[in-house]
Structure formats: C-alpha cells, structure tokens
Amino acid sequence: MKLSVLSLFVLTIVAFSTANTSRSSRNRIVGGSTAEEGLAPYQVSIQYKSEGFFGSHFCGGAIIDAEWILTAAHCVAFLQPHGIMIETGTQDLMKPGAHYDVKRICTHCGYDQQLLHNDIALLHLNNTIVMDKRTQIIPLPVQPMEDGDDVLLTGWGALTSAGGGGPPKLQKINLKYVQLERCKELWNNDPRLHAGSICTFTQTGEGVCYGDSGGPLISNGHLVGIVSWAKTCALGFPDAHTSPYFYLDWIRQTMRGEKCSCDA
C-alpha cells in the first residue's frame, strides 16, 4: 500500500511539474501510438498562463459544451482561473491552436485530495469555443459501461515513469473497461476506488502516465472517463478514472448555475 500511495502522490505532483518542460520535450501515453489527425477534436490541453510557464501543458480535458471543459479536480483545485488557459484545435503542441481564458473553476465540493474521491471539475470559459472539424463537443454518457467495453484514451502524457524526451503529438491507446468490483479485487480493495470510479486495463506496459491527468476516455462515441490516478506508470495494475456518468447530475447542475455550487 505504501508504494501505491507514493506512486499516486508522484503522479499527481508531476502533472503540475511538467510546466517546467518545453513544448519540444513532451512525452506520450505508455504503450500508445501517435493519434491520426482529427481523431480527438474534443481533446484540449490545459496550460499555465503565468510568466515563465506560458503555454506549458500540464493536464488534459474534454469539450462538453461550447463554454465548458470537463477535467480532473486534482489538476485545477488549487489554481486560479486567471493562471490557466485552454488550447483547442490541435493535436501537435508545436502547432498552437485556439486559446481560451477561464472564467470559473468549479471543483466538486466533495473532492478529497488524499483519496482523490470526486476527482472532477468543470472549467467555465470566458468566450464561446469556435467549432470546426478540429474542435468538437464530445457527448456525455447515456448509460453505464459493461465489463470489457473498448475505451479510447488520448493525451500528451509521459512514455515512462522516468520521463525523458518524446514527440509533442497527441498519443492514443485502446484499453478495456474493467468492472469496478473486479478492479477492487485487483487493487486489493484500495480505498481510493469508490462508486464514482471506473477502471481500465489491458496489460503491463500500457496505460496512463504523467500529464495524462484530466484527459478523456471515450467509448461508443461518449465521454466515459476522466483520467484520475494510476500506479506509476503502466506497471500491471488497472488505471483509475472518474466516471462522468456517475456525476451527470452534478455536471448539469453546475453548468446551469451562475456560480459554482461550492461558492458562498
């Protein structure tokens, strides 16, 4: 358990420390391949906007509305809207797309930093996203998943837990959904897994890594997961993600409100 907790801590922290990495040294999903152009028009890069880190990718996200991005709470819970921006419309971080400022960061009120329960957040943008063939909304899920469903993961995360150089182009990998009870067995009932979690796994050497946090998992044309945590990286355990299906009510209520539900 100590190793698992340490791995979780490092994965979460490194998602932020990638701000010090230049665009040219981006790495990729473990065991994945370069995504073909146009594969994931819903994918966004969440980047720092502060001096010295401007344009630095640190987490992924998904377009679920013309003014809203869905991501992981651990990516943005301790940041201010003016300190980040969203990049859309590109799969190559060396070829910038459109940029949008963030008006509000809405983190789930029940977010638990230690256990990463309720690891979900919405970013409300200052302006409406311009849609085109490279920039599209991904629908939210309409039904629960079944064990063994195919899942597509995309992101700009690291190739290995050791880091190092890699292509700046968006990476992809096909994974399998693992039913939660079976995932708990594989994780020896790790308390970080809860009702709002979903898991994916194929084999050792394939999965998420640093910088993939907050990124989208797609199945049957719907957004079924948000990258949350893993045993760094692809070491033979299922990866854990937040389930948008479980949080549909929270997502819809937050998007309808004039302020985040946790605001005073």
Side-chain angles (χ1 to χ4, degrees), residues 8-9 11-20 42-89 97-130 135 137-138 140 155-157 196-197 210-217 223 225-229 241-244 246-264:
L8 166 63
F9 177 76
L11 181 59
T12 305
I13 294 302
V14 173
F16 290 92
S17 67
T18 54
N20 294 310
Y42 48 80
Q43 172 89 45
V44 305
S45 169
I46 304 176
Q47 303 176 357
Y48 288 104
K49 202 169 65 171
S50 57
E51 184 177 354
F53 300 129
F54 190 89
S56 297
H57 167 86
F58 65 91
C59 273
I63 304 169
I64 62 167
D65 179 85
E67 294 183 1
W68 292 90
I69 304 298
L70 193 63
T71 188
H74 78 261
C75 287
V76 296
F78 306 104
L79 301 177
Q80 296 299 316
H82 60 77
I84 62 175
M85 63 183 177
I86 304 301
E87 184 172 37
T88 70
H99 290 89
Y100 296 90
D101 291 332
V102 176
K103 178 165 59 177
R104 290 186 289 159
I105 298 174
C106 297
T107 303
H108 194 285
C109 297
Y111 170 59
D112 185 314
Q113 182 185 1
Q114 182 175 0
L115 293 175
L116 288 188
H117 290 181
N118 306 307
D119 188 17
I120 187 169
L122 279 161
L123 307 180
H124 192 190
L125 305 182
N126 269 334
N127 300 105
T128 300
I129 296 172
V130 177
T135 308
I137 293 168
I138 184 70
L140 292 169
W156 288 282
S197 303
Y210 311 136
D212 288 323
S213 289
L217 290 96
L223 178 64
I226 304 161
V227 177
S228 183
W229 58 271
H241 318 282
T242 302
S243 167
F246 183 84
Y247 293 98
L248 279 176
D249 287 345
W250 177 83
I251 293 170
R252 290 166 177 160
Q253 290 171 9
T254 302
M255 290 172 64
R256 283 197 300 262
E258 294 184 0
K259 60 182 181 180
C260 301
S261 58
C262 294
D263 291 348

Apply side-chain hydrogen bond (donor to acceptor under 3.5 Å, both in side chains) to Gln113 and His74, showing your working. CA-CA 7 Å; Gln113 182 185 1; His74 78 261; over 6 Å; no

Evaluate the criterion side-chain contact (heavy atoms from CB on, under 4.5 Å) for residue pair Thr135 and Val130; output intermediate values, then yes/no. CA-CA 7 Å; Thr135 308; Val130 177; over 6 Å; no

Do Ile137 and Ile129 pass the side-chain contact (heavy atoms from CB on, under 4.5 Å) test, and can you show the C-alpha distance, the side-chain angles, and the key distance before you say yes or no? CA-CA 10 Å; Ile137 293 168; Ile129 296 172; over 6 Å; no

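Nearest heavy atom pair, residue Ile138 against residue Leu223, reads CG1-N, 3.8 Å. Taking each heavy atom of Ile226 and Ala72 in turn, the nearest pair found is CG2-N, 3.6 Å. Between Glu67 and Thr128 the shortest heavy-atom distance is OE2-OG1, 3.2 Å. Annotation for Tyr42 and Pro216: closest pair CE1-CG, 3.7 Å, computed over non-hydrogen atoms. Taking all atoms of both residues into account, the shortest heavy-atom contact from Lys259 to Arg104 is CA-NH1, 2.7 Å. Nearest heavy-atom pair across Tyr100 and Thr88 is CE1-OG1, 3.5 Å.
With Ser213 contributing its side chain and Trp229 its backbone, the two residues share no donor-acceptor pair below 3.5 Å. Under a 3.5 Å cut-off, the side chain of Glu87 and the backbone N or O of Gly97 do form a donor-acceptor pair. Counting only distance, with no hydrogens or angles, the side chain of Thr242 and the backbone of Asp119 share a donor-acceptor pair below 3.5 Å. Under a 3.5 Å cut-off, the side chain of His108 and the backbone N or O of Ala73 do not form any donor-acceptor pair.
Atom-to-atom distance recorded for Cys75:SG and Ile105:CD1 is 10.5 Å, nearest 0.5 angstrom. With values rounded to the nearest 0.5 angstrom, Ile69 atom CD1 is found 12.5 Å from Cys106 atom SG. Between the CG atom of Leu70 and the CE atom of Met255 there is a distance of 9.0 Å, given to the nearest 0.5 Å. Between atom NE2 of residue His117 and atom OH of residue Tyr111 there is a gap of 11.5 Å, rounded to the nearest 0.5 Å. Distance check, rounded to the nearest 0.5 Å: OH of Tyr48 to CE of Met85 gives 12.5 Å. Taking CG from Asp101 and NZ from Lys49, the interatomic distance works out to 3.5 Å, rounded to the nearest 0.5 Å.
Inter-residue side-chain proximity for Leu217 and Val227 is flagged as met; some heavy-atom pair is nearer than 4.5 Å. Side-chain contact between Asn126 and Val102: absent, with no pair of heavy atoms (C-beta onward) separated by less than 4.5 Å. Under the 4.5 Å side-chain criterion, counting only non-hydrogen atoms from C-beta, Ile251 is in contact with Ile120.
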